[in-house]
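So the structure is just underneath, and the comments pick up after that.
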Amino acid sequence: MTTLIDRRMGIFLAGLFVLTVAIPVGNLAFEGKVVPSYIVSLLGKYLCYALLAVALDLVWGFCGILSLGHGAFFALGGYAMGMHLMREIGDRGVYANPNLPDFMVFLSWDELPWFWMGFGNFWFASLMVMLVPGALAFLFGWFAFRSRVTGVYLSIITQAMTYALQLAFFRNEMGFGGNNGLTDFKDVLGFPLQSDSTRAGLFVLTAVALAAGLLIARAITTSKLGMILVCIRDAESRTRFLGYRVEGFKLFIFVVSAMMAGVAGALYTPQVGIINPGEFSPANSIEVVIWVALGGRGTLVGAALGAILVALAKTLFTGWFPEFWLFALGGLFILVTLFLPTGVLGLIEGVAGSRGRRARRASAALEDGVTEEGAKA
Amino acid sequence: MTVQLLLDGVSRSFDGYKAINDLSLAVDKGELRAVIGPNGAGKTTMMDIITGKTRPDTGGVWWNQTVDLTRIDEAGSARLGIGRKFQKPTVFETHSVQENIALSLKAGRSVFATLFHRRTEAEAARITELLRLVRLEGDRHRPAADLSHGQKQWLEIGMLLAQDPELLLVDEPAAGMTDAETMRTAELLRSLAGKHTVIVVEHDMEFVRALDCRVTVLHQGHVLTEGSLDHVSANPEVIEVYLGR
Amino acid sequence: MSFLRACLMALLLPLLAAPALAQTASFEDLVAALPEGSYSARGAVVGDIALTGDPRAEAILTALLDGTLGVIAATGQVVTLAPAPADALTGAPVAEAGVAEAKVEKIRVNNGLRRDIRAALGILTLSDPDPAKRLAAADAAFRAPDAAQYALLDAAFQREQDAAVKSRLAEARAVAILDGDFPDAEKRAAIDVIARRGDADAQRILTPFAASPDPDIAEAASAALASIERSRMLWGYAQNIWYGLSLGSVLLLAAIGLAITFGVMGVINMAHGELVMLGAYTTYAVQETIRQNAPGLFDWSLLIAAPLAFVVAGAVGVAIERGIVRHLYGRALETLLATWGVSLILQQAVRSIFGPNNREVGNPSWMSGSFDVGQMTVTWNRLWILLFALAVFAVLLFVMKRTPVGLQMRAVTQNRPMAASMGIRTNWVDALTFGLGAGIAGLAGVALSQIDNVSPNLGQTYIVDSFMVVVFGGAGNIWGTLAGAFSLGIVNKFLEPYAGAVLAKIIVLVAIILFIQKRPRGLFAVKGRAVEG
């Protein structure tokens with residue numbers, strides 16, 4: 001039917017591959033002279049954001065569910081990984097307690113809470129990275145979609161969800177380090193997190209995860225199920241009358257997306273070195289939306305690009321004129337919604353493709369263009 | 001003859017306004033039935049109730065005399081074999097014409113069935129056949145948004161046929177069509193009767209006459225009278241509330 | 001007067017264990033009598049001094065208690081030694097040299113006398129001309145039960161004219177009765193008096209008596225405790241309701257502007273919180289100007305700030321509507337994103353102009369302090385904010401239901417094309433509606449500046465909560481917003497004692513998320529066919 005790797009996906013994946021090879025080589029082979037080590041972690045962080053953006057694009061771009069709480073799934077994945085990293089510290093903490101993380105010793109807890117059990121095992125933690133956000137998404141979506149909460153109402157309650165989680169994680173009694181979150185990680189699977197080779201490894205892993213995420217998302221959206229998602233986005237009620245249980249499809253894509261966001265968060269934690277309740281803040285989740293909108297809704301590759309562009313701009317701005325960053329970000333929100341309904345990708349392909357579009361339509365060869373080109377803002 | 005669809009004393013009100021008031025209606029299997037009535041007679045609400053979009057306050061709705069339709073949602077009614085065509089043509093605008101048909105085809109409706117679905121030869125052939133029937137073969141790769149109003153009507157009829165439903169609920173199919181197209185639609189619906197049960201809601205009297213079938217007149221959410229078009233046209237009450245306007 | 005004093009003296013039984021000086025003795029004589037005689041006799045003198053009500057009495061008795069009262073042996077002159085030697089009666093300095101030569105002796109006190117002095121000091125305050133001081137003295141006596149003070153308290157009770165002080169004295173006296181050796185009947189009466197207070201103090205005092213060996217007393221005390229428990233529970237509810245109403249009024253103020261833009265116009269204004277913040281900063285600017293130029297006007301600052309905040313926030317609101325929102329009608333999700341952008345810009349703008357730190361906004365005198373209603377405390381600023389919120393609500397309701405502008409707004413809400421074809425300038429109505437919602441946000445900012453930190457993040461604190469109120473109450477219905485705000489406020493405050501503030505908030509959020517599943521369009525949803533689909 002449709003090709004899994006179309007032109008834009010091909011170009012992006014090729015670029016990503018070049019980056020995946022060049023950055024670690026540039027860093028390791030030249031001892032940080034060509035590519036400084038901090039750049040490796042920084043780019044790794046960007047790629048985590050890109051994966052998060054792809055996850056959001058799946059639900060928003062294709063299914064019309066504007067989640068203002070995707071940061072919560074990201075953060076939960078991050079916490080799951082952070083819990084494992086905390087357990088790996090072992091007795092090297094300040095209090096040198098082999099069984100308890102420092103903050104628990106500080107709270108004078110005697111034993112590990114039950115929900116920390118098993119996180120010493122890397123594979124268990126890796127599973128939880130997907131299962132915990134997935135379970136939350138399932139629970140939340142099952143309630144919300146079944147009772148047909150849609151549009152801005154859904155957006156607002158997703159925002160309330162992440163806000164509630166943020167408040168909860170701020171509490172010391174929750175057992176996730178309270179305000180400070182989880183930090184002071186030492187190593188992962190025995191590799192020291194401070195070493196250049198571990199960082200490079202994490203970077204490559206993130207790039208692979210992003211590529212895999214993009215391909216999975218693409219496979220889903222080009223399947224018949226993907227077509228139905230677009231139907232739901234454009235005419236939900238009509239889709240029901242065709243016999244499709246809309247809530248089931250929404251739930252599926254919401255859970256898949258949440259798991260993807262969880263993976264992004266899990267890769268984020270070791271590269272940034274900390275995970276704290278700030279990641280749950282509603283403002284973070286809304287920022288993800290602008291990445292997707294900037295890159296182009298329903299384009300997957302555009303979402304990833306948007307995330308990288310905004311994150312890069314943020315790094316540069318906060319270095320040069322920190323006080324102007326919020327002006328720039330705020331302006332971006334306004335300009336993109338008003339003037340760039342199809343995002344940067346739509347703009348580029350619109351200019352480049354205006355020549356060939358008529359021909360392509362007539363030739364009827366391009367079947368896969370339907371969802372992307374027609375995607376409404 | 002077995003009764004395909006039975007509405008038994010159905011009532012539904014919205015904020016005190018009785019959209020449907022003690023409505024009873026029986027449609028036989030394979031029957032072609034026209035439902036007419038002035039604006040606000042409750043035609044659309046009746047369809048909403050049959051398809052599970054709206055729940056009646058009182059009364060029963062029975063499918064094949066065994067299934068209680070009041071307990072079933074829209075998707076459930078579609079899976080039972082009730083197909084609906086809307087007054088305002090509603091197609092999936094960003095999908096191509098042929099995708100619209102493909103998505104309507106009788107096939108697994110579950111999440112995982114659609115995730116792993118591969119189009120079969122038989123399906124492709126059926127799509128082409130249907131496109132030919134609704135005369136959209138040449139437009140099969142165009143986004144549905146590009147179609148004219150009349151073409152969208154045809155596409156929706158095509159989608160309805162693709163579902164291969166036992167009962168077709170057709171709401172004003174002739175709106176926006178040329179006279180010739182209107183006649184062709186009537187002919188198509190007549191040919192479907194027998195194999196399928198068809199209920200047509202229509203304003204256009206010429207069209208109803210062309211359908212040449214039993215007519216039910218709705219007024220204020222209630223059945224005013226029923227019979228052949230000539231019979232109901234002669235009814236003074238009908239003339240007063242509807243035809244006489 | 002002397003008769004009254006005679007009566008009082010008769011009642012001062014514990015102090016009158018020894019024959020006192022002549023009852024008509026002058027204050028000077030009494031003071032002169034302080035250094036000599038047995039401790040018990042001097043105790044009586046101390047009581048007499050207190051009963052004179054002489055303004056010098058307190059200083060002299062305090063000095064005696066502190067051990068800084070002395071007597072010049074040669075002359076018998078009573079002097080205070082601290083800070084510098086001075087005549088106790090006149091306050092005239094006594095030459096240091098003279099003191100040294102003349103051999104001053106400290107007037108000695110023992111524990112028994114100290115107790116007499118304290119009791120006397122207590123009674124001194126009990127006869128203070130200021131009723132507030134008498135009330136405080138009675139309270140102090142109530143909290144520290146001492147049978148020895150019975151006579152003093154009873155005397156004060158008999159002579160008291162002020163009703164509030166009198167009832168408090170009755171309670172204090174009752175406590176003293178319970179502490180001492182009095183007949184059962186009196187003790188039971190005392191228990192009744194204390195039980196009528198119905199507060200924590202009463203509970204604390206009565207609790208030991210429930211286990212009294214005397215069955216009558218124990219029964220009376222238990223019954224009294226049960227009634228106190230009930231009354232405390234009721235007052236606890238009342239206090240929670242008050243806190244809830246207070247929180248609700250804040251939520252109402254923050255949400256009601258949102259209810260207009262979201263409910264009436266279907267527009268999500270994420271910058272709403274920042275419009276509230278602008279209102280708060282307007283208040284700050286007005287107060288700063290007043291502080292520098294006309295400090296006398298400070299009490300009027302809020303009244304000046306309110307219309308200004310309305311105008312400032314309203315103008316920004318109209319600008320947002322004209323510049324951004326009107327291009328996005330019918331695209332609620334895009335509006336949400338664009339207005340979020342506006343909120344970021346407004347936050348940063350305020351941060352750049354006023355700095356990132358909290359700004360001090362003062363309470364005018366009429367908003368400071370608090371008063372008690374029964375067992376609950378009501379602060380003036382919370383009360384004013386509640387009244388203000390209700391007033392804003394009433395005015396808004398009036399505007400929407402009774403004015404031509406409101407009629408046009410509702411018409412545009414219900415059927416835009418029809419309204420337009422009837423000659424309503426829908427553009428103008430949109431801008432006005434949005435401006436009205438924004439202006440009310442500004443008013444909310446004035447109120448919030450009185451109870452919250454004024455910082456660039458002020459708006460963010462309220463945005464999720466106010467959305468919850470609107471969604472819970474039901475969009476498109478400002479009565480729903482009222483009900484939503486107060487019910488959320490009260491539920492929150494009732495949960496807090498059990499769950500703590502943060503957990504209570506989380507529970508409420510989760511409850512709303514679940515509630516929306518049941519009623520996707522809120523508590524007071526607009527029903528009907530138009531809304532379906």
Side-chain angles (χ1 to χ4, degrees), chain A residues 1-2 61-62 64 145-148 216 219-256 297-298 357-358 360-377, chain B residues 47-48 51-53 73-86 88-119 123-124 138-146 156 159-160 162-165 169:
Chain A
M1 268 165 72
T2 45
F62 289 91
F145 301 141
R146 205 176 47 118
S147 38
R148 305 195 180 172
I216 291 171
I220 291 173
T221 55
T222 51
S223 72
K224 187 172 178 184
L225 181 139
M227 298 282 162
I228 294 161
L229 294 180
V230 175
C231 292
I232 293 170
R233 181 190 72 190
D234 294 344
E236 178 169 335
S237 173
R238 185 73 182 86
T239 315
R240 293 180 197 279
F241 284 109
L242 280 185
Y244 295 106
R245 287 247 148 71
V246 165
E247 46 276 18
F249 289 86
K250 284 184 169 177
L251 194 55
F252 171 79
I253 203 67
F254 198 58
V255 170
V256 168
R297 254 182 94 179
R357 182 169 298 150
R358 213 171 303 128
R360 273 189 291 171
R361 263 192 198 159
S363 79
L366 190 89
E367 289 176 57
D368 65 337
V370 175
T371 46
E372 288 89 355
E373 271 181 23
K376 279 199 216 154
Chain B
M47 292 219 188
D48 284 347
T51 51
K53 182 166 190 256
D73 65 359
E74 300 98 310
S77 75
R79 289 180 185 198
L80 276 177
I82 300 177
R84 182 169 177 183
K85 196 201 108 22
F86 290 81
K88 184 171 162 270
T90 319
V91 295
F92 302 112
E93 309 230 324
T94 52
H95 284 319
S96 68
V97 169
Q98 75 164 5
E99 286 302 341
N100 268 281
I101 300 282
L103 289 169
S104 313
L105 280 179
K106 220 174 188 172
R109 292 304 204 227
S110 76
V111 170
F112 292 99
T114 55
L115 181 60
F116 298 110
H117 178 85
R118 289 281 168 273
R119 190 171 299 164
E123 281 180 329
D139 301 300
R140 66 189 302 167
H141 294 297
R142 289 172 65 191
D146 290 359
E156 215 185 350
M159 289 163 71
L160 193 60
Q163 287 181 69
D164 191 23
L169 293 172

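Keep in mind that what you see is a predicted model, and the values were worked out from it rather than measured. Labels below follow one simple rule: chain letters A, B, ... track the order of the sequence lines, proteins then strands, and each chain is numbered from 1.
Residue pairs meeting the ring pair (Phe, Tyr, Trp, His ring centres under 6.0 Å) criterion with at least one partner in residues 223-243 of chain A, sequence neighbours excluded, are Phe241(A)-Phe86(B).
Distance check, rounded to the nearest 0.5 Å: CG of Leu103(B) to OH of Tyr244(A) gives 5.0 Å. Residue Cys231(A) holds its SG atom at 3.5 Å from NE2 of His95(B), rounded to the nearest 0.5 Å. Summarising the geometry, atom CG belonging to Leu242(A) is positioned 6.0 Å from atom CZ belonging to Arg109(B); distances are rounded to the nearest 0.5 Å.
Residues that satisfy the side chain to side chain contact (heavy atoms under 4.5 Å, CB included) test with Ser110(B), not counting sequence neighbours, are Ala113(B).
Heavy-atom pairs under 4.5 Å with chain A were tallied for Ala78(B), Ala75(B), Pro165(B), Gly76(B); the largest tally goes to Ala75(B). When each of Val246(A), Ile228(A), Thr239(A), Leu225(A) is scored by its heavy-atom pairs under 4.5 Å with chain B, the top score falls to Leu225(A).
Of the charged side-chain nitrogens involved, none lies within less than 4.0 Å of a carboxylate oxygen, so that Arg238(A) and Glu93(B) do not count as a salt-bridged pair.
Listed here is the closest heavy atom pair of Ala107(B) and Lys224(A): CB-NZ, 3.8 Å. Summarising the geometry of Asp234(A) relative to Thr94(B), their closest heavy-atom pair is OD2-OG1, 2.6 Å, with the distance given to 0.1 Å. Smallest separation of non-hydrogen atoms from Thr90(B) and Ala235(A): CG2-CB, 4.4 Å.
Looking at Ser77(B), there are no atoms closer than 4.5 Å to chain A (heavy atoms on both sides), in backbone or side chain. With a threshold of 4.5 angstrom between heavy atoms, Phe252(A) approaches chain B through side-chain atoms but not through N, CA, C or O. Asn100(B) does not touch chain A: none of its heavy atoms, backbone or side chain, sits under 4.5 Å away.
Using a 4.5 Å cut-off on side-chain heavy atoms (C-beta onward), Val230(A) and Glu99(B) make no contact. Residues Glu247(A) and Asp73(B) are in side-chain contact: their nearest non-hydrogen atoms beyond the backbone lie under 4.5 Å apart.
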### Task
Could you check Arg240(A) against Lys53(B) for side-chain contact (heavy atoms from CB on, under 4.5 Å), going step by step and ending with a plain yes or no?
CA-CA 9 Å; Arg240(A) 293 180 197 279; Lys53(B) 182 166 190 256; over 6 Å; no
